[in-house]
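Before I ask anything, let me first share the structure, which is written out below as structure tokens.
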Amino acid sequence: MQEQYRTLAREGVHEIEINKSRFLCALAPVATEAEAQDFIARIRKEHPGARHHCFAYVLGADGGIQKASDDGEPGGTAGVPMLQMLVRREMRYVVAVVTRWFGGVKLGAGGLIRAYGGVVGEALDVLGTVTRQRFRLATITVDHQRAGRVENDLRTTGRAVREVSYGAEVRIEVGLPEADVESFTAWLADVTAGTARLELGGEAYGDL
């Protein structure tokens, strides 16, 4: 698995105008192809009068799924430069739709490539990106007396505390970089005098 990947901070839009043609780029973070296709369909529905709705998306932490469409523009002048921009920026789990309203002036193949790729790049700058790190999920089980200090130490040292649940004992779920598991186990034994239990689970991605 990839140790980390970059994705979109939030859904949003960005628009530019070139020679009277409007290019509206809508970006969204998505987890699956179905979500990407739903977003594309939604943008088409929102702008039924536009001539083109070109799209590109990249899914998978390794970027294993990549698709693009020129939607009626000359082949290779819209979807491909959009996809290339996403890949160049190392974006994952993101879909881009560029809606174009023709302004009466032909831009030529080079102009279209620059416009479609450029508006995606500008939109990424405007909306911002976040990096997600691969974590090993781990559950700490500790007595109530020591739980407060453990949780406080976890948060003050920037650990990813995912959930805290209280019962006969306190269970704290955290995310740990794989390389930190051994040192974390030793730290936990030290601060709880060996009374806490640590159970390692699966893997997930979280904000870096």
Side-chain angles (χ1 to χ4, degrees), residues 1-14 26-39 42 56-66 85-96 120-121 123-208:
M1 290 176 70
Q2 293 282 113
E3 282 302 311
Q4 60 185 40
Y5 67 86
R6 185 178 298 143
T7 191
L8 192 65
R10 60 187 175 89
E11 181 180 319
V13 298
H14 176 69
L27 287 174
V30 289
T32 64
E33 282 202 79
E35 284 186 20
Q37 293 293 343
D38 286 347
F39 182 75
R42 192 182 97 200
Y57 56 81
V58 181
L59 299 173
D62 60 352
I65 298 174
Q66 301 180 8
M85 181 60 70
L86 294 176
V87 171
R88 189 179 311 141
R89 295 290 192 91
E90 299 180 341
M91 298 300 296
R92 304 289 186 262
Y93 294 106
V94 63
V95 58
V120 172
L124 290 171
D125 291 338
V126 169
L127 297 173
T129 63
V130 293
T131 300
R132 296 192 180 279
Q133 171 76 38
R134 181 165 66 96
F135 291 107
R136 170 64 71 90
L137 298 179
T139 302
I140 301 163
T141 304
V142 64
D143 61 56
H144 287 262
Q145 183 181 344
R146 293 181 173 87
R149 180 191 170 187
V150 170
E151 184 182 351
N152 184 64
D153 285 355
L154 289 170
R155 294 188 188 280
T156 55
T157 55
R159 294 293 183 189
V161 178
R162 299 169 65 91
E163 187 177 344
V164 181
S165 55
Y166 297 88
E169 296 177 292
V170 181
R171 291 169 58 86
I172 305 171
E173 186 179 290
V174 296
L176 302 172
E178 192 70 41
D180 292 357
V181 171
E182 188 174 335
S183 61
F184 182 82
T185 303
W187 169 83
L188 183 65
D190 184 51
V191 298
T192 66
T195 60
R197 300 190 304 278
L198 182 67
E199 181 183 345
L200 297 176
E203 295 179 331
Y205 285 93
D207 290 346
L208 188 60

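All residue numbers in this chain count up from 1 along the given sequence.
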### Query
When you look at Arg171 and Ile140, which way does the side-chain contact (heavy atoms from CB on, under 4.5 Å) test go after all the steps?
CA-CA 6 Å; Arg171 291 169 58 86; Ile140 301 163; over 6 Å; no
### Query
Does atom CZ of Arg146 have more than 12 heavy-atom neighbours from other groups under 6.0 Å away?
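Yes, enclosed.
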### Message
If you define the side chain from C-beta out and look only at heavy atoms, does anything of Val58 sit under 4.5 Å from Val87?
### Response
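They are in contact (side-chain heavy atoms under 4.5 Å apart), so the answer is yes.
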### Side chain Gln37, main chain Glu33, donor-acceptor under 3.5 Å
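Checking the backbone N and O of Glu33 against the side chain of Gln37, no donor-acceptor pair under 3.5 Å is found.
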### Query
Do Glu169 and Arg197 have side-chain heavy atoms sitting under 4.5 Å apart?
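Counting from C-beta outward, Glu169 and Arg197 do come under 4.5 Å.
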### Task
State, without any angle test, whether Gln133 and Tyr5 hold a side-chain donor-acceptor pair at a distance under 3.5 Å.
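No, Tyr5 and Gln133 have no side-chain donor paired with an acceptor closer than 3.5 Å.
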### Task
Could you walk me through whether Leu137 and Glu203 pass the side-chain contact (heavy atoms from CB on, under 4.5 Å) test, one step at a time?
CA-CA 6 Å; Leu137 298 179; Glu203 295 179 331; over 6 Å; no
### From OH (Tyr57) to CZ (Arg92), nearest 0.5 Å
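Tyr57 atom OH to Arg92 atom CZ measures 15.0 Å (nearest 0.5 Å).
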### Shortest non-hydrogen contact between Asp62 and Gly64, atoms and distance
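For Asp62 and Gly64, the tightest heavy-atom pair comes out as OD1-N, 3.0 Å.
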### side-chain contact (heavy atoms from CB on, under 4.5 Å) partners of Val161, counting only residues at least two apart
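For Val161 the side-chain contact (heavy atoms from CB on, under 4.5 Å) partners, ignoring immediate neighbours, are Leu154, Arg155, Val164, Ile172, Val174.
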#### Entry: Distance-minimising heavy-atom pair for Ala96 and Val120
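Heavy-atom minimum between the residues: CB-CG2, 4.3 Å.
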### Message
Applying side-chain contact (heavy atoms from CB on, under 4.5 Å) to Val150 and Leu188, what does each step give before you reach the verdict?
### Response
CA-CA 8 Å; Val150 170; Leu188 183 65; 4.3 Å; yes
### Query
If every non-hydrogen atom of Arg10 is compared with every non-hydrogen atom of Val126, which pair is closest and at what distance?
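In this case the closest contact between Arg10 and Val126 is NH2-O, 3.7 Å.
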### Message
Do the side chains of Arg162 and Glu151 get close enough for a salt bridge, i.e. N-O under 4.0 angstrom?
### Response
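Judged by the 4.0 Å cut-off on N to carboxylate O distance, Arg162 and Glu151 do not form a salt bridge.
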### Query
Taking C-beta and beyond as the side chain, do Leu27 and Val95 meet within less than 4.5 Å on heavy atoms?
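When only atoms from C-beta onward are counted, Val95 and Leu27 do not touch, as no gap falls below 4.5 Å.
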### Query
Quick one: ring-ring contact (aromatic ring centres under 6.0 Å, His included) pairs with a partner in residues 136-184, sequence neighbours left out?
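Pairs touching residues 136-184 that pass the test: Phe184-Trp187.
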### Any Arg6 side-chain heavy atom under 4.5 Å of Val130 side chain
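No, too far: nothing below the 4.5 Å cut-off.
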### Query
What closest approach, in Å, do Leu86 and Ala56 show between heavy atoms, and which atom pair accounts for it?
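Minimum heavy-atom separation between Leu86 and Ala56: CD1-O, 3.8 Å.
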### Task
Check step by step if side-chain contact (heavy atoms from CB on, under 4.5 Å) holds for Val30 and Val94.
CA-CA 5 Å; Val30 289; Val94 63; 5.7 Å; no
### Task
Specify the closest pair of heavy atoms between Val181 and Leu200, including all atoms of both residues, with the distance to one decimal.
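Shortest heavy-atom contact: CG1-CD1, 3.8 Å.
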### Query
Shortest non-hydrogen contact from Ala61 to Tyr205?
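What the structure gives for the nearest pair is CB-OH, 3.5 Å.
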### Query
How would you list, by chain and number, every residue that makes a side-chain contact (heavy atoms from CB on, under 4.5 Å) with Arg149, sequence neighbours excluded?
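side-chain contact (heavy atoms from CB on, under 4.5 Å) check on Arg149 returns Asp153, Val191.
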### Query
Any side-chain heavy-atom pair from Pro177 and Gln4 closer than 4.5 angstrom?
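Result no, sub-4.5 Å side-chain heavy-atom pair not found.
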### Task
Taking the side chain as every heavy atom from C-beta outward, state whether Thr7 and Thr129 have any atom pair closer than 4.5 Å.
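No, every pair of side-chain atoms sits at 4.5 Å or beyond.
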### Task
For residues Arg132 and Tyr93, determine if any side-chain heavy atom of one lies less than 4.5 Å from a side-chain heavy atom of the other.
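No, every pair of side-chain atoms sits at 4.5 Å or beyond.
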